[in-house]
Structure formats: structure tokens, C-alpha cells
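Read through the structure below, which is laid out as C-alpha cells, and then see the notes.
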Protein chains: 2
Amino acid sequence: MYEENEKPAAVVKDLYQQKDKMYVATDCIIFGFDSGNLKLLIFKRRVAPLQGEWSLIGSFLKLEEDVSAAAKRVLEEITGLKDVYMEELKVYGAADRDPGYRCISVGQYALIRLNDYDRELVKEHGAEWHDVDKLPTLVLDHDLMVQDALEKLKQKARFKPIGIELLPEKFTIPQLQSVYEAIFQKELDARNFRKKVLSHDLLVKLEEKDKLGSKRGAFLYKFDHRRYDQLTRNGYDFGIW
Amino acid sequence: MYEENEKPAAVVKDLYQQKDKMYVATDCIIFGFDSGNLKLLIFKRRVAPLQGEWSLIGSFLKLEEDVSAAAKRVLEEITGLKDVYMEELKVYGAADRDPGYRCISVGQYALIRLNDYDRELVKEHGAEWHDVDKLPTLVLDHDLMVQDALEKLKQKARFKPIGIELLPEKFTIPQLQSVYEAIFQKELDARNFRKKVLSHDLLVKLEEKDKLGSKRGAFLYKFDHRRYDQLTRNGYDFGIW
DNA sequence: TACATTAATTTTTAATATCCAAAAAAAATG
DNA sequence: CATTTTTTTTGGATATTAAAAATTAATGTA
């Protein structure tokens, strides 16, 4: 959870018992999507305690740093990405959640486009993408964080078009459907899905086709952010979009 | 925000600049409901800084205390109530949110039955109920917290029957409608409302009538918590209940 | 005892979501 | 180049839910 270079000075003195001081950390639940599966970016801790165990990627909060900025910093350090969709999940504040520190952690989840990230950086940090349904056990309460994030993702996806955050700028309807099937963990009817997502006029059909995903090829679309902003300003209400 | 007796020792030394240390606090957005209006419990700070200004009720987090426990503690100290509906709202973590401290605050909102609370205690603490649409300006980012809480309440009320948390155990359908109208900030159709809330078989009709609210009198109902638990365990999904 | 007020039920209508199958386009195969 | 295979794409009938209107019931008050 704590990157070596971000540990508070006190940590260096006594690694295992810093219970006399309040620490604040943030942990990132970083989702990606590839070939039908939701993926999570995790890494093997390289420092004690809990060295070698799988963990979410996080950091202590710096004194002069906004909580949301801390998550963005972590994300950029690991993936090289700025301007990522990111949202607060929940505070993990049990007094005994971390045996080493009295530390509360702000869970924040992010949605990443798997084409964009910096593969070198990720490798350097020992981070890896894992299918969310084949995750190893994570340290501390990180398993719980992941469960909570998946649940929140389901809820959120019903009313906000966050699925597009996991796809490249141009995408096909079948690809989008595949994202939602992964989030909701169930199959959707292709006809109804297409009808619904197109009904809001939020997808702009392009000339090009994507020929990689299938033989026939499907038309590419892009998301009309401008129109979306207009609609939401007027309190528009989506049901699965 | 900080009750006198809960200030960390350091606060006493220099009241206005404790930026070298991370503090964690919680602030409670406490809602009640009376005669058609949502109410908020706030108080006038009796200690510097910001003495005399209106504020949410909060406290610093103790070292050995869960975050959720801190909010419960605050709530009991002020209202005498335990077992109150309470949920995390959001973390307020801007580095400059508090001019005196480097302090992040966990906003937590609570729903109170206005009959139950301890009026003496509330008065002792200088706390008062105010209509949410006639609030004075609050300290720090507390205005934002209230806005966020109202928004969250709207969202939540669409899928969870939290309206009942604001009413006594026995209540009438028109009363319940009135609660939802206050939350959603719009009028609802009485016929459709009744049909919808009764459709889930979550309200148990009683023999008695409430004669205070109208001439004819309306039947009292109570909420069937057992059935609700069953339904939600099986992943039942309400749309406005 | 007529009148006003609110509660409660029933019916009708409109809107929305759900269900289902067949045709068209392109590539792969022989 | 005819045939098969795969995947995209499209529409209409049906069920479900929400909105609106009209009606009846109970009670207090003028």
C-alpha cells in the first residue's frame, strides 16, 4: 500500500508499530477492460511489512495535498495517465484495519483505457493486470475495497454512461455491450441494448468500421460529451444511461 | 466543528496554525422531518476559531476509534440517540479546507425521528433545528456538505425506503408522501404514490387511524423490517422503493 | 344537514420496457 | 465463384408500469 518513497519519516524508525499517530492514506481500485473481462491493476509489495503480498496501489496523503490529488498522483506514477475517470468509493476507517499503523484509507476507484497506459512504468512498479474474478488475496481490507468498488460500479453504471471510460474513444456497440455485461455480470439482449443506448442520441455514428472484432465489421461510434453535459445540467435521468 | 473537550492536546498550544500534522475529523449532517419540511441540526460554535458561527456538529477522530463510531458518538452526545440511521457521505479532503488545521473530514449523514431526541441535551449544546431551505451560512465547507447530503438523500431515496427513518414507527401514507416530497423537492401524485409503496407489501396496515392530520383520518402503517431484509438479501430492486 | 376536506379505490389511458427472429454484410473455405 | 460461417443490424407484438381521471367514503365544521 505504501510506496517506499512516500513513507512518512516516522515509518522508517519503527516499521511495525505507529499507533500513536493518525495517518491518512488512499488506495486506488484501478479497473480496466479487455476481451470481455474487467481487470484490476495490483502489485506485489516490495517492502515490509507484508512484503511480497498482493496489494492495491496506494500512498500516504501528503500534508499539503488534496485527497483527490493523492489518488491522481498515485495513478500517474504507476500508469503515466492523467485525466482519468476517478471517484471516491468509501472511507476505510476501522481502528484495527492496519496492524502497523493507525491509518484510515480513502478508497478511490478509477476506470482506465487499456490502450493508453504506459506499459514500461507499470512493469517498473511490479504492477500487473488481473481478471477481477481471478484475483489473489490482497493485503489488509483491500479485498473488501474491491468488492465494494465492483458493487458501486454496478450501481453507477445504471445511471451514468461510465462504460465508455473503459473503451477507446471510438468503439462499437457490441464492444460497449460487452463492457456492460462485464460490469453487470449478466448477458444483455443485443437488440434492446442497442435500442436503449442509441435512444438518448449520445452516440455519434462514424463512417469507419471496426474490422478487428468480427468478420462483418461493426460501425464505430463516439460519445457526445457536449450533449451529455447539456442533458445532465437539465437534470436528465437515465435508466442504464 | 470541534467540541471543546475533544480537541487534540496540540490544539490548545496554538489555536490557529496546526498545519504540520494530519488531523481526521467527522462532521454529521443530521436530518429531521417536521410538518412538511426537512430540518437540519446545527449549532453555534462556542469556541474560537470561528466562534459564534453556525456549524455542523462534528468531532476529531480519536486514535483508537472507528470512523463510523466517531459519528455515532457525536450523535449520541448531542441527541441522546443510539441506533440511528447513518451513512457515509463523502470525504472532504482539500488541503486548504480548514485555515487552522490540516484536517480531512468524513461527512456522515443521519436521519432522526424528531419525536425521539433528547431536547435538553440538544439545548445544552446550543444546537437547533433549521429548515434546510432556510439555513444560515455555515463554517468552512459545511454548506457544501449539506448540499451533497441533500443530493445523496435524493439518490438514495429512489432505491431504499429511507423515508421511514424520518417518521415515527407508526405513520400514514400521506405523511410518508410528504417526506418524499420534501426529499425530492417536488409534488407527487397521491394515487400513484399509494399504489407504489403498497405494492411491495412492506407496509403493514394497522387498525388505528391518525386523526390529527385530517378530518377523515388516515390509517396508520408500520414498516415490515423483516420482510424488507428478506427481499434485499435476495437482491430485490426497488424503483422509488 | 349540507358542505368542505382529505383518504382511499377503481378504471382508463398513455408511456415504457421487454421479448423475440429474420435479413444483410463480409470473410473464410473448398 | 458458390457455399458456409460469423456477426451486425433492424422492427413489431406484447407485457409491464406509470399517469390521469373519475368515484366513493369518512369525518368535522358551518
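By convention in this document, chain letters (A, B, ...) are assigned in the order of the sequence lines, proteins followed by strands, and residues within each chain are numbered from 1.
- The CZ-C1' distance, from B/Phe171 to C/dA7, rounds to 16 Å in whole Å.
- Remark: P of C/dA8 and CD of B/Gln175 are 11 Å apart, rounded to the nearest angstrom.
- Comparing A/Gly213 and A/Leu198 against DNA chain D, the residue whose closest nucleotide sits nearer the 5' end is A/Gly213.
- If you measure from atom CZ of A/Phe219 to atom C1' of D/dT10, you get 13 Å, rounded to the nearest angstrom.
- Distance, A/Asp189 CG to D/dT9 C1': 12 Å, rounded to whole Å.
- Listed nucleotides D/dT7, C/dC19, D/dA20 differ in distance to A/Ser214; the shortest reach to its side chain belongs to D/dT7.
- Here B/Arg226 does not pair with B/Asp224 in a salt bridge; the nearest charged N to carboxylate O distance is not below 4.0 Å.
- We find that A/Lys134 and A/Asp131 are joined by a salt bridge, their nearest charged nitrogen and carboxylate oxygen being less than 4.0 Å apart.
- The only member of A/Ile112, A/Asp34, A/Leu166 that meets side chain to side chain contact (heavy atoms under 4.5 Å, CB included) when paired with A/Lys39 is A/Asp34.
- Between B/Phe193 atom CZ and D/dA19 atom P there is a gap of 13 Å when expressed in whole angstrom units.
- Going from atom CD of A/Glu187 over to atom C1' of C/dT18 covers 17 Å, rounded to whole Å.
- Comparing C/dC19, C/dA8, D/dA19 against the side chain of B/Arg194 picks out C/dA8 as the nearest.
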Determine whether B/Tyr109 and B/Asp148 satisfy the following criterion, side-chain hydrogen bond (donor to acceptor under 3.5 Å, both in side chains), listing intermediate values before the conclusion.
CA-CA 10 Å; B/Tyr109 67 98; B/Asp148 289 346; over 6 Å; no

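- Comparing D/dA18, C/dT11, C/dC20 by their closest approach to the side chain of B/Lys195 singles out C/dT11.
- Put simply, CG on B/Leu212 is 15 Å from P on C/dT6, counting in whole angstrom units.
- A cation-pi arrangement, defined by a distance under 6.0 Å to the six-membered ring centre and an angle within 45 degrees of its axis, is absent between A/Arg45 and A/Phe43.
- Taking side-chain N and O atoms only, B/Lys211 has no distance below 4.0 Å to OP1 or OP2 of D/dG28.
- In this structure, B/Lys196 atom NZ and C/dA8 atom C1' are separated by 18 Å, rounded to whole Å.
- Across the interface with DNA chain D, nearest-nucleotide mapping of A/Lys215 and A/Lys209 shows A/Lys215 to be the residue nearer the 5′ end.
- Regarding contacts with the backbone of D/dA25, every side-chain N or O of B/Arg216 stays at 4.0 angstrom or more from both OP1 and OP2.
- Of the candidate nucleotides C/dA8, C/dC19, C/dA21, C/dC19 has the atom nearest to the side chain of A/Asn192.
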